[in-house]
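The structure appears right after this line, and notes come after that.
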Amino acid sequence: MQITSISYLLFAAAVLLGYFLLPKKVRWMYLLASSLFFYLMAGVEYLGFLVLTVLSTYVGGRLMERNLSKQERYLAENKDSLSREEKKACKNRIKIKNRLILAAILVLNFGILGACKLGNDYSLWMLGLPFGISFYMFQSMGYLVDIYRGTDKAERNFFKLALFASYFPQLIQGPISKHSVLAPQLTAGKGFDGKAFSFGIQRMLWGFFKKLVIADRIAAAVVILRGPEYTGVGFFLLTLFYAVQIYADFTGGIDMVIGLSQALGITLPENFVRPYFSKNIAEYWRRWHISLGEWMKSYIFYPISVSSPMLKLSKAARTKLGNFGKRLPVYAASVATWAVTGIWHGLTPNFLLWGMMNCFVIVVSEELNPLYEKFHNRLGFKEKKWYGGFEILRMFLLMNLIRVVDWFPDVGQYFSRMGSLFTTFNFHVLWDGTLMKLGLTALDYGILAFGIATMFSVSLFEETKGSIRERLYTRPVLRYALFVALLLIVLLMGSYGIGYDAGNFIYNRF
């Protein structure tokens, strides 16, 4: 069941209707049943992977919390008779036990994820890539680490934990949520909120607009532009077209997910906050796929950067390399984090290269930041309005060049095409009819121009003036008129070609 299909819309409508008709105390059970039904529609053979993750996470969380409870009772009962060293030894024993439990479950689950991704990328086994496995596994393993750290409590109800892992709107492309934030909302059974419901439906429709009118229309041109004959300006067009496609695809899907949840009274974290308005790469990654970045920062970057080997490296490097040595452990942790992020996207070399290129730009930017500041202060560029636009354009073009490596498992071909930007000046492809050979008609280009202009205008409004839905809420006539107009645009201008797969989101590959 694809989330842009008619069957999904009927399913979502049934979920919304049933959810608010049922008593509050059983609504979470209804959500769980709906989520499992949705998951089964993707393939019964994948259910075992989900059950194994939930079961291992549940058992591991309960065992670790039981060990911590025993420790607290023992220390409380013997607080007067135990020395400081004995108390410390007790805590260390429990910490080691819990670390072994955590390690065993992480190895089990990430081992399964790695095997499935390997099978998906290289066809070594008939495993394929189970539906939603990357997202529900990252979410579940984050919950387990939080229990180990003592920042979350283990869920005692197995089925409530199953709902947290399998909540159906998130399964396709996130966002990745924390158990302490999402789980209470899933089981609260909030009453109907007219404003939240209205905002949710509006956001879902906006997501359909970005996905069907823009992303799926321009997808045909992206596929053709990958061909080896498209070098120089042709390759540059690929970077631009793919930037439009991936943004409209990712954010459109997230809008549908967050919108449906909002209609249910459930608040999910924002995953994209207008990243193409970023002025540097650090800002970009605070705006793009935010929940994945936060997960990597919390569970990969920070543990590595404060580990004993990194602290020793920091101490040794500081004495020999000065300020750079002080930053070296942070950079080492960054390399590891970006390597994991690249591998998460895929086990082919291009994704590892993608991660390393992002890491390289971040590290170099950090090292050159003092020079940038001197340059800006001397010339006064920061005070010029046009310079902010230049920074945004520079970052947009740079990220386009890095991002397009997604399409080139053969990294040699990627660098060859990249090099053609500086050797092949075939500007004639812009007017010699080449654009009409990319699977798009003149009407398609017109619709795309309209769609992109609309998407940009809304983004610019929200970047400078805040939520457009809040502004429209006090103007019901205008709000409903725009809603109907957007619905008609989606119905009339959506891409529904022969063989069209409305739910084939880009993140399904990850």
Side-chain angles (χ1 to χ4, degrees), residues 52-112 137-165 176-188 294-319 325-330 332-333 336-337 340:
L52 181 58
T53 294
V54 176
L55 183 60
S56 61
T57 303
Y58 177 78
V59 171
R62 293 300 305 275
L63 286 175
M64 286 193 291
E65 190 160 85
R66 187 183 68 175
N67 289 338
L68 290 172
S69 297
K70 285 183 178 180
Q71 170 192 291
E72 291 175 4
R73 287 197 303 270
Y74 176 77
L75 293 176
E77 293 168 358
N78 300 276
K79 62 179 179 179
D80 297 327
S81 60
L82 293 174
S83 66
R84 185 176 179 180
E85 289 73 19
E86 288 172 329
K87 292 178 182 179
K88 186 176 180 180
C90 174
K91 291 179 180 180
N92 284 336
R93 285 195 299 271
I94 296 300
K95 189 172 184 178
I96 290 172
K97 284 183 179 180
N98 282 355
R99 187 178 296 166
L100 290 173
I101 293 170
L102 176 64
I105 298 173
L106 291 178
V107 168
L108 170 65
N109 282 277
F110 285 130
I112 291 171
M137 194 167 284
F138 269 46
Q139 190 159 286
S140 299
M141 295 306 100
Y143 154 76
L144 207 61
V145 173
D146 286 344
I147 295 173
Y148 171 79
R149 292 175 174 174
T151 58
D152 199 0
K153 295 291 185 181
E155 175 59 66
R156 295 179 176 274
N157 188 315
F158 173 82
F159 296 103
K160 288 183 178 180
L161 183 63
L163 173 58
F164 166 72
I176 302 168
S177 301
K178 279 187 169 291
H179 175 265
S180 59
V181 177
L182 177 60
Q185 297 187 75
L186 294 175
T187 56
E294 289 295 328
W295 195 97
M296 291 293 176
K297 187 188 300 181
S298 297
Y299 304 115
I300 303 294
F301 177 80
Y302 284 140
I304 292 176
S305 62
V306 300
S307 64
S308 295
M310 286 295 107
L311 294 177
K312 291 178 182 178
L313 174 63
S314 177
K315 186 176 180 180
R318 197 179 304 152
T319 58
K326 185 178 180 180
R327 296 189 294 273
L328 188 59
V330 174
T337 302
V340 172

Can you tell me how far the [atom1] atom of [X] sits from the [atom2] atom of [Y], to the nearest 0.5 Å?
X	Y	atom1	atom2	value
T337	I300	OG1	CD1	6.5 Å
M296	F138	CE	CZ	4.0 Å
I101	L106	CD1	CG	11.5 Å
L63	N98	CG	CG	8.5 Å
S305	K297	OG	NZ	11.0 Å
I176	M141	CD1	CE	12.5 Å

Practice task
Using atom types as modelled and distance alone, determine if a side-chain donor or acceptor of S298 lies under 3.5 Å from a backbone N or O of W295.
Solution key: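 No, the answer is negative, given that no donor and acceptor are paired below the 3.5 Å cut-off.
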If you count every heavy atom of other residues, nucleotides or ligands that lies below 6.0 Å from [X] atom [atom1], does the total exceed 12?
X	atom1	result
K97	NZ	no
F158	CZ	yes
F110	CZ	yes

Are the side chains of [Y] and [X] in contact, using a 4.5 Å heavy-atom criterion?
X	Y	result
E65	R156	yes
V340	F301	no
N78	E86	no

Closest heavy-atom contact between [X] and [Y]?
X	Y	answer
V54	A165	CG2-CB, 3.8 Å
S180	D152	N-OD2, 3.5 Å
G61	L144	N-CD1, 3.5 Å
F164	Q139	O-NE2, 2.8 Å
Q71	I94	OE1-CB, 3.2 Å

Practice task
Test I105 against every option in L102, N109, V107 by the side-chain contact (heavy atoms from CB on, under 4.5 Å) rule and name the one that passes.
Solution key: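 Exactly one pass, corresponding to N109.
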Problem - Plane angle bin for Y143 and H179 - parallel if under 30°, tilted between 30 and 60°, otherwise perpendicular - result: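 Tilted: the ring planes of H179 and Y143 meet at 30° to 60°.
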Problem - Short N-O contact, E85 and K88, less than 4.0 angstrom - result: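 Between K88 and E85 there is no salt bridge, as every charged N stays at least 4.0 Å from the carboxylate O atoms.
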